[in-house]
Student: 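Quick one: this structure, given as structure tokens, is what I'll be asking you about.
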Amino acid sequence: MNYDQILIRYGELSTKGHNRQFFIRHLKDNIKKALKPYKGIQVQALYDRMYVLLNGANGEQVIETLKSIFGIQSFSPAVRADKRLESIQQAGLELVKNSFREGKTFKVSARRGDKTFEYDSNDLNHLVGGYILKNIGGIRVDVKHPDIELLVDVRKNGVYLSTEVIKGAGGLPVGSSGKAMLMLSGGIDSPVAGYLAMKRGVKVEAVHFHSPPFTSPRAKQKALDLAEKISAYSGSIKVHIVPFTKIQETIHKGVPEGYSMTVQRRVMLEITDRLRKIHNGLAIVTGESLGQVASQTLDSMVAINDVTTTPVLRPLISMDKLEIIEMAQKIDTYEISSLPYEDCCTIFTPPAPKTRPKVELSRLYESRLDMETLIEEAVQHTETVFITPNQKKQEEDLSDLL
Ligand code: ATP
Ligand code: MG
């Protein structure tokens, strides 16, 4: 049966009290932005649900797009019937028939948004339910745990019916929790961290450090490709690319080997924090998880985090590598992350970085270098790229046409 609109349920938003309008506005804007490529679509927001009117757009593609929008608990493709009882009964029967198999149970859940309609929700449950019972042999009613729930929504301009409930991405609408800078490497972890931050409503701008010619253009492209993947969850993403070569060389020459990695991380965090200020972010997100490597011991975090009081969010902190990999596969970043291009953090890495660096020593070694000039220079020369989902694909399609 052809559906002509999609009903969207908010889920977690319903617990947000007076912030509700704020969340709904963010969600509506995000949905409109994501569905922009589909001509003619309209989005209507109500207090407890939203409707996407397809107006001829491809429903299956729209459904695929909706699946990656945070703040949606579930959604249902719906068909429209006119307001005569026979039409409602007929449309309901056809929908339930579509999903009915031997032994399945159902119930009707009607809602009368249009209070002038002659039947109330109870009447409708009985009138439509009775009609279905009469016309589908072997079907039974189960009001507590039905296999099929027929939703009947009476509105001013018609009656909307649906049975299928598709799980949404959950979480909160991106942007509703403010903005943060994501330190994005080419690794497995940081894209997953970005995804999880977005899921909690954080709008993310990525910061990537590269060190040409020690890191290749392909390593930079890898970070951009990862950014493109996670941009599917936010509609778009900015990536700030920081030239890091001079700083790395200076640290390599001037800092005792055991501390070069710690100092390097401190400077990366400092630069990210300055970019955060420039771009009005509230926090920094990293892909760190406790105990994986030398840079991720608690002592190390203390020594690195010493450069700022800005909240550093570490969504992966308690996750096992295998859990992170599983999530990377789910959001389709794993394959790109597994490509073997060098990261700026791996070049010049000493054979034995200190796993328990001291804050005082880290400060001392750093203070011996003329970092302020180099940091400002790196910030000045940072290049910003704006990325949207499927950008690459669109560019390829375009070059096919030329
Ligand atoms: P990832 O898989 O995200 O690279 P990792 O387990 O390899 O993480 P590290 O390489 O120690 O861990 O990096 C820890 C965190 O530091 C990363 O998750 C990321 O947030 C940040 N980071 C590392 N390298 C870069 C880089 N080149 N540009 C920006 N951020 C980086
Ligand atoms: Mg890494």
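Since the model is a prediction, treat every value here as computed from it, not as a measurement. Indexing begins at 1, ligand by ligand and atom by atom, following the structure's order. Residues take their numbers from the sequence shown, with the count starting at 1. What's counted below: heavy atoms across the whole structure, side chains too, no hydrogens, waters or symmetry copies.
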Student: Do NZ/NE/NH1/NH2 and the carboxylate oxygens of R112 and D153 come within less than 4.0 Å?
Tutor: no
Student: Would you say M183 and ligand 1 have an N/O pair spaced under 3.5 Å apart?
Tutor: yes
Student: What closest approach, in Å, do P191 and S337 show between heavy atoms, and which atom pair accounts for it?
Tutor: CG-OG, 4.1 Å
Student: Which is it for L182 and ligand 1 at heavy atoms under 4.0 Å: side chain, backbone, both or neither?
Tutor: neither
Student: Could you tell me whether R356 and D299 have a side-chain N and a carboxylate O separated by less than 4.0 Å?
Tutor: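 Counted as a salt bridge, because a side-chain N and a carboxylate O are separated by less than 4.0 Å.
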Student: With respect to V152, which candidate in N125, V108, L127 satisfies the side chain to side chain contact (heavy atoms under 4.5 Å, CB included) definition?
Tutor: V108
Student: Which of the numbered atoms in ligand 1 are under 4.0 angstrom from any heavy atom belonging to I188?
Tutor: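 Per the distance check, 2 (O).
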Student: Where on V285 is there a heavy atom closer than 4.0 Å to ligand 1, on the side chain, on the backbone, on both, or on neither?
Tutor: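 Neither; no heavy atom under 4.0 Å.
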Student: Give the atoms of ligand 1, by number and element, whose distance to some non-hydrogen atom of R265 is under 4.0 Å.
Tutor: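 Result: 9 (P), 10 (O), 11 (O), 13 (O), 14 (C), 15 (C), 16 (O), 23 (C).
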Student: With a 4.0 Å cut-off, would you call E326 and K330 a salt bridge?
Tutor: no
Student: Check each atom of ligand 1 against the heavy atoms of S190 and keep those under 4.0 Å away; list them by number with element.
Tutor: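 Going through ligand 1 atom by atom, the ones under 4.0 Å from S190 are 1 (P), 3 (O), 18 (O), 19 (C), 20 (O).
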Student: Salt bridge or not between R155 and D114? Use side-chain N to carboxylate O under 4.0 Å.
Tutor: no
Student: Using a strict cut-off of less than 4.0 Å between a Lys/Arg side-chain nitrogen and an Asp/Glu carboxylate oxygen, indicate whether R276 and D273 qualify as a salt bridge.
Tutor: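 D273 and R276: salt-bridged.
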Student: Number the atoms of ligand 1 from 1 as they appear, then name those within less than 4.0 Å of a heavy atom of T286, with their elements.
Tutor: 20 (O)
Student: Given M268, R314, H240, Q296, which has its nearest heavy atom closest to atom 31 (C) of ligand 1?
Tutor: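 That would be M268.
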Student: Counting only heavy atoms closer than 4.0 Å, does ligand 1 sit against the backbone of H210, its side chain, both, or neither?
Tutor: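 The answer is neither; H210 stays 4.0 Å or more away.
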Student: What do you reckon, does F209 have a nitrogen or oxygen under 3.5 Å from a nitrogen or oxygen of ligand 1?
Tutor: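 Min N/O separation from ligand 1 is below 3.5 Å for F209.
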Student: State the atoms of ligand 1, each with its element, that fall below the 4.0 Å cut-off from a heavy-atom position in G187.
Tutor: 1 (P), 2 (O), 4 (O)
Student: Would you give the length of the straight line joining atom CD of E377 to atom CD of E372, rounded to the nearest 0.5 angstrom?
Tutor: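 If I round to the nearest 0.5 Å, the distance is 11.5 Å.
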